[in-house]
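Below is one structure, written out as structure tokens, with a few remarks after it.
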Amino acid sequence: MHARAVAAMTTAFLGVALLTPLSHARAVQSGEDDGPAVIAHRGASGYAPENTLAAVDKAAELGIRWVENDVQRTRDGELVVLHDDNLRRTTDVEEVFPDRSPWKVKDFTAAEIARLDAGSWFGSRYAGARVPTLEQYLERVEHNHQKLLLELKNPQLYPGIEQQTLKVLANEGWLDRWHVADRLVVQSFSADSVRTVHELKPAVRTGVLGTPPVSDLPEYAEFADQINPSHGSLSMSYVSSVHAFTGPHGRPMEVFAWTVDDADTARRVAGYDVDGVISNRPDVVRVAMDEDTDDAGDADGSRGGFTVGR
């Protein structure tokens, strides 16, 4: 491992980021034929209300193969797909339940949340969209033949959510060999939560959100397949350092960067040789990276690399 790490650091120092056979293998592993996977953040949330079935469908309409979502738990133990730990920003909860401040997800039953409008805040055409349960979300992703990057949100608020989420995934057929090999990653900002998922279901690929120090990566590599940082915290050397470690499934650790919504940033992050780019506007990112691949091919007579420093 030491030799691999030295080699990765040397590559980063020289400032050369070519799509090598190893990085091509990572691209295939992430579900993309060329370059980083493109992941629709909370669905295609730049075009439809986040974490709704409409956002999943919009991602599918755009031809995006991966969607990301957030999971929280209701008062009566139902898993729902919602980013915030309260319902104010993306629903009409203050109108429907004016006396229930501070409108935390954990203080409402699934039936109460099902009454809320989760689309009008985004646009009138989405009036009446609902907060989906995890089961409903999984069914729609499966129907669209998409892949899922599932985030356990605020697990400290919901003891046991790791086991419960895995149970729902199993019930919906998402823990068979086909899904766990290529269509599912479970991530969280909580390393402890990610470790728990790995211990409960070692076959499931996992990711830790954030940018842990390089010195901590050997520990993370024991239970996490991915390190998924904010794009602003990334450098080529950091990505190379992550790639130098082997994750729990015997493959190089991956990097999915978030949240990238413009072409220039997409090209810069792709130049770091990341494995995935998470975006509210995944079509913009995909076009930018495709153009960058074309430019690299025109420059060297091939179609495979990304130009650094764009």
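Judged by distance alone, the side chain of His249 and the main-chain N or O of Pro202 form a donor-acceptor pair under 3.5 Å. Under a 3.5 Å cut-off, the side chain of Thr74 and the backbone N or O of Glu78 do form a donor-acceptor pair. Between the side chain of Gln164 and the backbone N or O of Gly77, at least one donor-acceptor pair lies under 3.5 Å. Ser233 places no side-chain N or O within donor-acceptor distance of the main-chain N or O of Pro229, the cut-off being under 3.5 Å. Remark: the backbone N or O of Thr90 is paired with a side-chain donor or acceptor of Trp121 at under 3.5 angstrom. Distance alone, capped at 3.5 Å, places no donor-acceptor pair between the Asn86 side chain and the Pro102 backbone. With hydrogens and angles disregarded, no donor-acceptor distance shorter than 3.5 Å links the side chain of Asn144 to the backbone of Ala60. Judged by distance alone, with hydrogens and angles left aside, the side-chain atoms of Ser241 form no donor-acceptor pair with the main-chain N or O of Val214 at under 3.5 Å. Side chain of Arg73 to backbone of Pro159: a donor-acceptor contact under 3.5 angstrom is found. Side-chain atoms of Asn154 never come within 3.5 Å of backbone atoms of Leu157 as a donor-acceptor pair (strictly under, hydrogens ignored).
Side-chain contact check for Leu149 versus Val67: every heavy-atom pair is 4.5 Å or farther apart. No side-chain heavy atom of Arg183 sits under 4.5 Å from any side-chain heavy atom of Trp66. Side chains of Ser230 and Trp258 form a contact here, defined as non-hydrogen atoms less than 4.5 Å apart. Put simply, the side chain of Ser193 reaches to within 4.5 Å of the side chain of Glu162, judged on heavy atoms. Between Val80 and Val71 the shortest side-chain heavy-atom distance does not fall below 4.5 Å. Annotation: side chain of Val277 is not in contact with side chain of Ile39 (no heavy-atom distance under 4.5 Å). Asn171 has its side chain within reach of Lys167: a pair of non-hydrogen atoms, C-beta onward, lies under 4.5 Å apart. Contact of the Ile64 side chain with the Pro282 side chain is registered, since non-hydrogen atoms from C-beta on lie closer than 4.5 Å.
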Practice task
Determine, step by step, whether Asp182 and Lys147 satisfy the salt bridge (charged side-chain N to carboxylate O under 4.0 Å, His left out) criterion, reporting the C-alpha distance in whole Å, the side-chain angles of both residues, the deciding distance to 0.1 Å, and the verdict.
Solution key: CA-CA 8 Å; Asp182 186 45; Lys147 306 182 182 189; 2.9 Å; yes

Exercise for the section: Let me see the working for Arg268 and His231 under side-chain hydrogen bond (donor to acceptor under 3.5 Å, both in side chains), right down to the final yes or no. Expected result: CA-CA 9 Å; Arg268 174 177 60 81; His231 73 84; 3.0 Å; yes

Exercise for the section: Verify salt bridge (charged side-chain N to carboxylate O under 4.0 Å, His left out) between Arg286 and Asp283, making sure each step is shown before the conclusion. Expected result: CA-CA 5 Å; Arg286 181 180 57 194; Asp283 56 329; over 6 Å; no

Exercise for the section: Dump the intermediate steps for side-chain hydrogen bond (donor to acceptor under 3.5 Å, both in side chains) on His198 and Asp225, then the final yes or no. Expected result: CA-CA 10 Å; His198 175 69; Asp225 300 273; 5.8 Å; no

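Heavy-atom minimum distance, Val284 versus Ala263: CG1-N, 4.1 Å. Heavy-atom minimum distance, Arg251 versus Ala181: NH2-O, 4.3 Å. The two residues Ala203 and Val180 come nearest to each other via the heavy atoms O-CB, 3.9 Å. In terms of heavy-atom proximity, Gly247 sits nearest to Met253 at N-CG, 3.8 Å. Contact between Pro212 and Tyr220 at its shortest, heavy atoms only, is CB-CE1, 3.6 Å. Residues Ala224 and Val194 share a closest heavy-atom pair of CB-CG1, 4.4 Å.
When the salt bridge (Lys or Arg N to Asp or Glu O under 4.0 Å) test is applied to Asp192, no partner is found at least two apart in sequence or on another chain. In this view, Arg75 satisfies the salt bridge (Lys or Arg N to Asp or Glu O under 4.0 Å) rule with no residue, not counting sequence neighbours. Contacts of Asp92 classified as side chain to side chain donor-acceptor pair (under 3.5 Å), with partners at least two apart in sequence or in another chain: none. Shown here are the salt bridge (Lys or Arg N to Asp or Glu O under 4.0 Å) partners of Glu222, two or more places apart in sequence or in another chain: there are none. The side chain to side chain donor-acceptor pair (under 3.5 Å) test applied to Asp84 returns Arg89, not counting sequence neighbours. Looking at residues two or more places apart in sequence or on another chain, you find no salt bridge (Lys or Arg N to Asp or Glu O under 4.0 Å) involving Glu172. Applying the side chain to side chain donor-acceptor pair (under 3.5 Å) rule to Ser215 yields no partners; only residues at least two apart in sequence or on another chain are considered.
Ion pair Glu94/Arg88 flagged as a salt bridge, since at least one NZ, NE, NH1 or NH2 atom sits closer than 4.0 Å to an Asp/Glu carboxylate oxygen. Salt-bridge formation is not detected for the pair Lys104/Asp107: no Lys NZ or Arg NE/NH1/NH2 atom is positioned less than 4.0 Å from an Asp or Glu carboxylate oxygen.
Arg281 contributes atom CZ, which lies 12.5 Å from atom OG1 of Thr259 (distance to the nearest 0.5 angstrom). In this structure, Thr206 OG1 and Leu150 CG are separated by 12.0 Å, a value rounded to the nearest 0.5 Å. To the nearest 0.5 Å, atoms CZ (Phe245) and NE2 (His243) are separated by 12.5 Å.
Side-chain polar atoms of Ser188 and Ser190 form no donor-acceptor pair below 3.5 angstrom. Residues Arg205 and Gln226 have side chains that never bring a donor and an acceptor to within less than 3.5 angstrom of each other. Checked by atom type, the side-chain pair Asp261/Asn280 shows a donor-acceptor distance below 3.5 Å.
More than 12 heavy atoms of other shown residues, nucleotides or ligands fall within 6.0 angstrom of atom CD in Gln156. Within 6.0 Å of CZ in Arg100 there are more than 12 heavy atoms belonging to other residues, nucleotides or ligands.
Counting only residues at least two apart or in different chains, salt bridge (charged side-chain N to carboxylate O under 4.0 Å, His left out) contacts with residues 54-64 comprise Asp57-Arg140, Lys58-Glu61. Within the structure, every pair that satisfies the ring-ring contact (aromatic ring centres under 6.0 Å, His included) test and touches residues 144-176, not counting sequence neighbours, is listed here: Trp174-His179. Among residue pairs with one or both ends in residues 37-49, those qualifying as salt bridge (charged side-chain N to carboxylate O under 4.0 Å, His left out) are Arg42-Glu50, Arg42-Asp70; sequence neighbours excluded. For residues 81-106, the pairs satisfying ring-ring contact (aromatic ring centres under 6.0 Å, His included) are Phe97-Phe108, with sequence neighbours left out.
Residue Val242 is tested with Asn228, Ile227, Thr211 for a side-chain contact (heavy atoms from CB on, under 4.5 Å); the sole match is Ile227.
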Donor-acceptor contacts under 3.5 Å from residues 126-139 side chains, at least two apart:
| residue | atom | partner | partner atom | Å |
| --- | --- | --- | --- | --- |
| Tyr126 | OH | Tyr47 | O | 3.1 |
| Arg130 | NE | Gly128 | O | 3.2 |
| Arg130 | NH1 | Arg115 | O | 2.9 |
| Arg130 | NH1 | Leu116 | O | 2.6 |
| Thr133 | OG1 | Gln136 | N | 3.1 |
| Thr133 | OG1 | Gln136 | OE1 | 3.4 |
| Gln136 | OE1 | Thr133 | N | 2.9 |

